[in-house]
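Single-structure report; data block below.
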Amino acid sequence: MNESMPESIAIIGAGATGFTAAKTLREKGFTGIVTLIGDEHAQPYRRPAVSKELLAGTKTIEQVLLGALADEIAFRHGDTAVSISAGEVVLDSGDRVPFDALLLATGSRARQLDHLDGAPVFTLRTASDIEPLRAEIRRTGSLLVIGSGLIGCEAAAVARELGAEATILSADMPLSRIVPPAISELYLNLHAEKGVAIHTGVTVAAVEKLPDGTVRAIAEDGRSWEAGTVLVAVGSVANAELAVASGIETRAGIVVDAQMRTSSSNIYAAGDVAEVPNTILGGTYRSEHWNGAIDQGAAAARSMLGIGTDGLDVVDGLDVPWGWSNQYGVNLQFAGLTGADDDYVVRGSIADRRFTAFALRGDKLVGAVGIGRPKDIRAVRALVADQRPVDRALLADDNVDLTAVTVPLSGVRE
């Protein structure tokens with residue numbers, strides 16, 4: 001461990017990243033003070049469940065808790081950090097939490113629309129968002145979703161399962177940030193089969209409340225749609241305000257180096273809020289997926305303790321991003337850094353909804369999306385991390401094990 005070991009570490013954010021960091025500090029033998037600060041009153045829980053099981057009501061918050069914190073970790077839940085000043089975190093209560101090292105694991109929040117004109121709309125990011133939204137869906141019997149990403153599509157599917165009408169408005173095809181057009185088309189059809197219309201090419205210009213209490217969304221081209229309940233699901237914004245106010249470098253998120261360290265030497269960032277080096281494609285990116293939160297939280301904890309940092313990049317040990325979506329019982333898994341414009345090679349059948357679509361850039365595998373083939377996705381994560389060239393014909397051949405698709409660096413298969 002590092003000779004300049006901190007005596008007190010504060011963590012702002014009690015999601016998966018902050019929880020994992022606190023747990024890792026103790027597991028790695030840190031005996032100093034650890035304070036975990038979270039603005040939610042709930043115990044740390046699995047946030048991917050918010051738009052899935054928790055909204056559907058098939059699981060309770062108690063069933064998706066991350067686990068118990070060690071007794072020697074001070075958990076300040078229901079407290080909001082309002083500033084960082086001279087080695088202290090200032091809370092909204094006026095209390096101050098001193099630190100020698102600080103982790104910003106503040107996550108992200110739902111992006112809002114302009115021109116809401118006072119109309120009542122919902123967003124869906126935390127456990128506290130669930131009950132008001134579900135109650136309104138049940139009361140009004142209709143949901144209009146603006147945005148066709150993971151949260152928007154999952155919420156529409158849950159609304160149908162709750163017996164409500166659902167409509168999705170989107171500028172793009174469903175899930176287009178992470179899947180190719182053929183799979184977006186699959187989800188367009190899947191929702192249509194369940195009675196959900198997805199209107200694409202829609203840019204919402206205004207949302208207004210009507211005299212009867214319903215809400216109308218108006219597109220730039222003049223089209224309009226009405227519903228009893230409106231959910232805005234148009235992406236997220238990193239909660240980087242504390243970093244900005246402290247003069248820490250930010251772009252789309254808080255910029256960190258390969259040690260998860262910000263531009264302030266004793267302050268680190270991880271999870272949704274962090275903009276980390278991209279060891280696969282170069283540049284930086286924000287990982288907004290479950291395993292990214294876990295991996296980065298653990299990596300930041302190790303870095304704060306000086307573990308594994310002697311000439312090594314902590315980021316090199318991070319897992320390849322991975323996530324999933326469950327809509328109408330169809331489980332989509334994705335890994336790596338896929339995009340709609342990648343070159344895809346398909347193994348299996350998209351039409352039969354049992355396939356793996358491998359995303360390539362040149363001869364390098366950068367990710368995959370699939371339905372009904374979890375073993376393929378696990379193998380892809382290793383192949384993406386390996387970054388050796390792959391044989392396209394072997395990728396497409398269902399009879400070839402995925403461990404045998406790489407091309408030796410000499411270019412000659414052994």
Q. Looking at side-chain heavy atoms only, is the closest gap between Arg261 and Val256 below 4.5 Å?
A. no
Q | From Arg286 atom CZ to Asn278 atom CG, the distance as rounded to the nearest 0.5 Å | A | 14.0 Å
Q. Is there a side-chain contact between Leu124 and Val50, using heavy atoms and a 4.5 Å cut-off?
A. yes
(Q) For the backbone of Ser303 and the side chain of Gln259, can you confirm whether one donor and one acceptor N or O come within less than 3.5 Å of each other? (A) no
**Q.** Intermediate values then yes/no, side-chain contact (heavy atoms from CB on, under 4.5 Å), Tyr285 and Glu275
**A.** CA-CA 5 Å; Tyr285 76 109; Glu275 190 168 336; over 6 Å; no
Q: Take Ile84 and Leu102, measure what side-chain contact (heavy atoms from CB on, under 4.5 Å) needs, and give me the verdict at the end.
A: CA-CA 10 Å; Ile84 304 165; Leu102 171 67; 3.6 Å; yes
Q.
Quiz question: by atom type and distance under 3.5 Å, do the side chains of Ser264 and Thr262 form a donor-acceptor pair?
A. no
Q. Is any side-chain heavy atom of Ile9 less than 4.5 Å from a side-chain heavy atom of Pro6?
A. yes
**Q.** Pair Arg388 + Asp386, salt bridge at N-O below 4.0 Å
**A.** yes
Q: First locate atom CG of Asp39, then atom OG1 of Thr126, and finally report the distance between them rounded to the nearest 0.5 Å.
A: 8.5 Å
Q. Taking atom NZ of Lys364 as the centre, does the number of heavy atoms from other residues, nucleotides or ligands within less than 6.0 Å exceed 12?
A. yes
Q) At what distance, to the nearest 0.5 angstrom, does CG of Asn239 lie from CZ of Arg125? A) 8.5 Å
(Q) salt bridge (Lys or Arg N to Asp or Glu O under 4.0 Å) for Glu72 and Lys23? Distances and angles first, verdict last. (A) CA-CA 10 Å; Glu72 61 270 23; Lys23 184 178 177 182; over 6 Å; no
Q | Heavy-atom closest contact (Val89 atom, Ala10 atom, distance) | A | CG2-CB, 4.3 Å
Q. Given the rule in the side-chain contact (heavy atoms from CB on, under 4.5 Å) test, do Leu175 and Leu150 qualify, once you have shown the distances and angles that lead to the verdict?
A. CA-CA 6 Å; Leu175 311 182; Leu150 291 171; 3.8 Å; yes
Q. Would you say the side-chain atoms of Asn291 pair up with the backbone N or O of Val320, donor to acceptor, closer than 3.5 Å?
A. yes
Q) How about Ser51 and Glu154: does a side-chain donor come under 3.5 Å of a side-chain acceptor? A) yes
(Q) Show the nearest heavy-atom pair for residues Ala217 and Val204, with the distance to one decimal. (A) CB-CG1, 4.4 Å
**Q.** Ion pair Arg361/Asp343, N-O distance below 4.0 Å
**A.** no
Q: Using a cut-off of 6.0 Å, state whether more than 12 heavy atoms not belonging to Lys52 lie near its atom NZ.
A: yes
(Q) Would you say that Asp363 contacts Val390 through its side chain, given a criterion of any heavy-atom pair below 4.5 Å between the two side chains? (A) no
Q: Verify, without hydrogens or angle tests, whether Ser8 (side chain) and Asp100 (backbone) share a donor-acceptor contact under 3.5 angstrom.
A: yes
**Q.** Minimum-distance pair of heavy atoms, taken over all atoms of Arg223 and Gly201
**A.** NH2-O, 3.7 Å
**Q.** Residues Ser170, Thr200; criterion side-chain hydrogen bond (donor to acceptor under 3.5 Å, both in side chains); working and verdict
**A.** CA-CA 5 Å; Ser170 178; Thr200 60; over 6 Å; no
Q: Go through Ile294 and Thr17 one step at a time and tell me if the side-chain contact (heavy atoms from CB on, under 4.5 Å) criterion holds.
A: CA-CA 5 Å; Ile294 300 293; Thr17 303; over 6 Å; no
Q) Using 30° and 60° as the class limits, which term best fits the ring planes of Tyr328 and His191: parallel, tilted or perpendicular? A) perpendicular
**Q.** Separation of Leu144 CG from Arg216 CZ (nearest 0.5 Å)
**A.** 12.0 Å
Q: Ignoring hydrogens and angles, state whether a donor on the side chain of Ser224 or Glu226 is under 3.5 Å from an acceptor on the partner side chain.
A: no
(Q) I'd like to know if the side chain of Asp342 reaches the main chain of Tyr344, judged simply by a donor and an acceptor atom lying under 3.5 Å from each other, with no hydrogens or angles considered. (A) no
Q: Without swapping roles, check the side chain of Arg160 against the backbone of Ala155 for a donor-acceptor pair under 3.5 Å.
A: no
Q | Donor-acceptor pair, side chain of Gln296 and main chain of Ala270, under 3.5 angstrom | A | no
(Q) Would Asp212 and Thr214 count as a side-chain hydrogen bond (donor to acceptor under 3.5 Å, both in side chains) here? Give the steps. (A) CA-CA 6 Å; Asp212 64 359; Thr214 59; 2.6 Å; yes
Q: Could you tell me if the ring centre of His199 sits under 6.0 Å from that of Trp225?
A: yes
Q | Any donor-acceptor pair under 3.5 Å from Arg347 side chain to Ala396 backbone | A | no
Q) Could you state the interatomic distance from CG (Leu188) to CE (Met173), rounded to the nearest 0.5 Å? A) 4.5 Å
Q: Step by step, work out the side-chain hydrogen bond (donor to acceptor under 3.5 Å, both in side chains) result for Gln327 and Ser325.
A: CA-CA 6 Å; Gln327 299 170 44; Ser325 179; 2.9 Å; yes
Q) Where is the tightest heavy-atom contact between Ala105 and Gly18, given as atom of each residue plus distance? A) CB-N, 3.9 Å
(Q) Assess the residue pair Arg46 and Glu53 against the criterion (salt bridge (Lys or Arg N to Asp or Glu O under 4.0 Å)); give the C-alpha distance rounded to whole Å, side-chain angles, the decisive distance to 0.1 Å, and a yes or no. (A) CA-CA 11 Å; Arg46 300 177 185 272; Glu53 300 97 329; over 6 Å; no
Q) Can you check whether Ser349 reaches Arg354 side chain to side chain, under 4.5 Å on heavy atoms? A) no
Q. Which pair of non-hydrogen atoms, one from Ala159 and one from Ala166, has the smallest distance, and what is that distance?
A. CB-CB, 4.3 Å
Q) Hey, are the side chains of Thr338 and Val366 touching, using non-hydrogen atoms and a 4.5 Å cut-off? A) no
Q: Begin from the C-alpha positions of Glu40 and Ser128 and carry the test side-chain hydrogen bond (donor to acceptor under 3.5 Å, both in side chains) through to its verdict.
A: CA-CA 8 Å; Glu40 293 186 71; Ser128 62; 5.0 Å; no
Q) Considering all heavy atoms of both residues, which atom of Leu365 and which atom of Phe358 are nearest to each other, and what is their separation? A) CD1-CB, 3.6 Å
Q: Given salt bridge (Lys or Arg N to Asp or Glu O under 4.0 Å), test Asp376 with Arg381 step by step and report yes or no.
A: CA-CA 9 Å; Asp376 284 3; Arg381 293 166 73 185; over 6 Å; no
Q: Determine yes or no for a side-chain-to-main-chain donor-acceptor pair under 3.5 angstrom, with Glu249 supplying the side chain and Val244 the backbone.
A: no
**Q.** Test item: Asp391 side-chain N/O and Thr406 main-chain N/O as donor-acceptor pair under 3.5 Å
**A.** no
Q. Can you check whether Gly228's main-chain N or O pairs, donor with acceptor, with Ser142's side chain at less than 3.5 Å?
A. yes
Q) Going from CZ on Phe355 to CG on Leu332, what distance comes out if it is rounded to the nearest 0.5 angstrom? A) 6.5 Å
Q: For the residue pair Leu242 and Ile248, establish whether any side-chain heavy-atom pair is separated by less than 4.5 Å.
A: no
Q.
Taking the side chain as everything from C-beta on, heavy atoms only, tell me whether Leu69 gets closer than 4.5 Å to Phe19.
A. yes
Q) Quick one: is the NZ or CZ of Arg47 closer than 6.0 Å to the six-membered ring centre of Tyr45, and within 45° of its axis? A) yes
Q) Any chance CD1 of Ile33 has more than 12 other-residue heavy atoms, nucleotides or ligands included, within less than 6.0 Å? A) no
